[in-house]
Amino acid sequence: MSDENNWDQPASPPPPLFVGKKEKDLVKQVNDEIIERVVGQTILYFPISLEHTNFHDLYGEAINKNFLNPVRVYAMVKYQSQTTTTTPFGVDRVEKISVGFHKRRLTEDQDLFVREGDFIQYGEQFYEILTLEEPKWLFGQVESSFEIAAQCVRARKGLFEVN
Amino acid sequence: MSVPTLTPASNLSAIVLPSQGNTVNVNSAVPYKIYSEESSPMYSGAFVSGAVDQVSYVYKKLGGDVLDLELTEGNVYAAYEESVLEYSYLINLHQATNVLSDALGNTTGSFDEKGNLQPGALSTSLDGTHVALKYPKFDYSMTRRIGEGVGAEIGLNSSVQFSGSFKINPGTQDYDLQNIIATSDEFKDQVAGKRILIKKVYYKTPHAMWRFYGYYGGLNVVGNLHNYGQFSDDSTFQLIPAWHNKAQAMAFEDAIYTRMSHFSYELKNNKIRLHPRPYVGGPSKMWIEFSIPTDVWDSNDKSVDGVNNMNTLPMANLPYSNINSIGKQWIRRFALALCKETLGQVRSKFNSVPIPGESVTLNGTALLSEAKDEQNKLRDELKQTLAELTYAKMAEQDANLLENTEKVLDKVPNYIFVG
């Protein structure tokens, strides 16, 4: 059989026909502009320093958490819910927010990586990042995940303090 | 409102129109470099400055000091160049309308890919000049050319008319004239395969015989008078006006040439058919007058190679320095509309751009629509103005002005001169 019809995988994949670097850059530019100039919601991101935090050997908890220098980040913050439960021990109020980070802005411009367990300050309150997900691919391209959605819950008093 | 500063600055891949342009960037950004390249014959420092100023104009008009414009300054420079060329195009169209009928047959020109006039055999006399800027003499060359054609048709001007004869044989009605002429020693070189155009067919008899057998007996004259035309068999004469006499003479001559000839003919393709059938004792030779139509482009007249329509008018791009303030403002507005179109193209590739948790719809479609609308309006505005300013229109306006002035003066009471 002739080899003429055999397909060989190219060394590098061809560029996308519709969404290439320029288009992705435009999306980033529009995102930066909207998030930072139009919406303008800012948070302070407190990355917990594993090296400088004394955590329990067995349970992994740290009563006092040390963090690296906080970073101001523009993000899309949405108020999610507030639930209040009454127990024999008193009233327990849980407040949740979601924070949408622009991934390329964080990683390319601010050298910042979002992690579960880090804390953020929005307004006067502190929130702990509980879960992270990357729900959006830019125009369906798996390598172009551009959003980090963080589900956060308000930190209980004493859990995280800034002196 | 001050512009919030992105901190840290997001320069990684952002394309944002700067608030001001830079002269050093102009030439590399424009596609044709007609006005911006220093080696170009149309180079203009004022164009470069104008293009730089256009950046600030676009920046302000599209709100660049409030939100980013996803344009480069190169986009603006390119739009500015296109705008100047568009203006040049419309003005040249207008001037072509003005002068074409006078310029037909004039020297044409050769152009490079940018529309610059090139030196060459036909354009040497125009090298370095811009006929688009000149106020031409009115030559009526088209009308004159038509007149020449009409004149040539009746044997005037430089047309060449031929005459020849062929023998007719008793009993033979059909003669292939094309063949007879084309194969004759006298005409074969001139005809050389071309068709001939028969203008006149006639035969001759001896003049003395015509007088002898002529009109109304021919031998009589008026009493003892024998002046020209007084051949008659009567002695009473009615006086008539001279024009009537002339008309009679023409009718008389016409009758001699046609009605009295006894023969007629018809042409079928190349053949002439004589009526009645030639007979013994009739004319032995027929004469024809004919011409040999040449190709309309085949001429020693150099004007055949000259301007023949709008395309061959030697009109180059307008020099930037010769565009007045009216044109400059049109150019600014048109360039702004072009920039808006480019921005619209950028913003409309994606109808909706995702942002974290949301998506945002950009105004690209609206920008495109507005830009097209503005461009059309600007073109129409200029075209309408120019249409009112053609030489023909201006003559009409002048005539109206004079007519209306006369109407006004008609209402003014005449003064009585009191000394």
Side-chain angles (χ1 to χ4, degrees), chain A residues 17-42 71-80 97-112 114 133-141 144-151, chain B residues 1-19 29 58-60 62-76 78 339-368 371:
Chain A
L17 294 176
F18 188 69
V19 181
K21 181 180 182 306
K22 286 181 181 174
E23 287 75 12
K24 291 174 186 174
D25 287 348
L26 174 70
V27 171
K28 178 182 181 299
Q29 185 176 344
V30 171
N31 269 272
D32 288 345
E33 189 175 9
I34 290 174
I35 294 169
E36 299 182 24
R37 288 191 187 167
V38 179
V39 179
Q41 290 174 313
T42 58
V71 181
R72 187 188 70 168
V73 174
Y74 286 90
M76 301 289 281
V77 182
K78 279 185 183 172
Y79 185 80
Q80 291 292 10
I97 62 171
S98 69
V99 182
F101 293 98
H102 183 203
K103 185 177 180 181
R104 282 189 67 186
R105 179 74 167 129
L106 291 188
T107 58
E108 295 177 9
D109 297 336
Q110 295 184 283
D111 198 23
L112 181 68
V114 182
E133 57 179 341
E134 297 188 9
K136 275 190 184 173
W137 294 340
L138 187 58
F139 302 110
Q141 294 183 0
S144 299
S145 166
F146 84 110
E147 176 184 355
I148 300 172
Q151 298 299 324
Chain B
M1 174 183 171
S2 62
V3 181
T5 306
L6 297 180
T7 308
S10 176
N11 296 323
L12 187 71
S13 50
I15 293 174
V16 183
L17 184 68
S19 60
V58 171
Y59 183 82
K60 285 288 182 187
L62 298 186
D65 49 354
V66 178
L67 287 175
D68 285 348
L69 303 173
E70 295 83 18
L71 290 175
T72 64
E73 56 180 311
N75 292 133
V76 180
C339 289
K340 196 180 270 190
E341 182 188 353
T342 307
L343 187 61
Q345 295 284 6
V346 171
R347 289 186 181 174
S348 63
K349 180 164 184 177
F350 306 113
N351 190 34
S352 175
V353 170
I355 61 172
E358 302 284 349
S359 67
V360 63
T361 303
L362 302 182
N363 63 343
T365 310
L367 279 172
L368 272 179

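Below, read A as the first sequence line, B as the second, and so on, with proteins coming before strands; counting in each chain starts at 1.
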State plainly whether the residues A:Arg72 and A:Glu36 are in salt-bridge range, i.e. N to O under 4.0 Å. no
Which portion of [X] sits near chain B, non-hydrogen atoms under 4.5 angstrom:
| X | answer |
| --- | --- |
| A:Val99 | neither |
| A:Lys22 | neither |
| A:Val27 | both |
| A:Ile35 | side chain |

Taking B:Lys349 for its side chain and B:Gly364 for its backbone only, find out whether a donor-acceptor pair lies under 3.5 Å.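 The answer is no, because no donor-acceptor pair under 3.5 Å joins these two groups.
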For A:Glu147 and A:Met76, what are the C-alpha separation, side-chain angles and deciding distance, and is it a side chain to side chain contact (heavy atoms under 4.5 Å, CB included)? CA-CA 10 Å; A:Glu147 176 184 355; A:Met76 301 289 281; over 6 Å; no
Strictly by ring-ring contact (aromatic ring centres under 6.0 Å, His included), give each pair with a member in residues 342-364 of chain B just once, sequence neighbours left out.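 Qualifying pairs: A:Phe18-B:Phe350, A:Phe139-B:Phe350.
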Scan B:Lys340, B:Glu341, B:Arg347, B:Gln345 and name whichever one has a side-chain contact (heavy atoms from CB on, under 4.5 Å) with B:Leu343.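 Filter result, single survivor: B:Arg347.
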Given that the side chain runs from C-beta out, which part of B:Leu67 has a heavy atom under 4.5 Å from chain A: side chain, backbone, both or neither? both
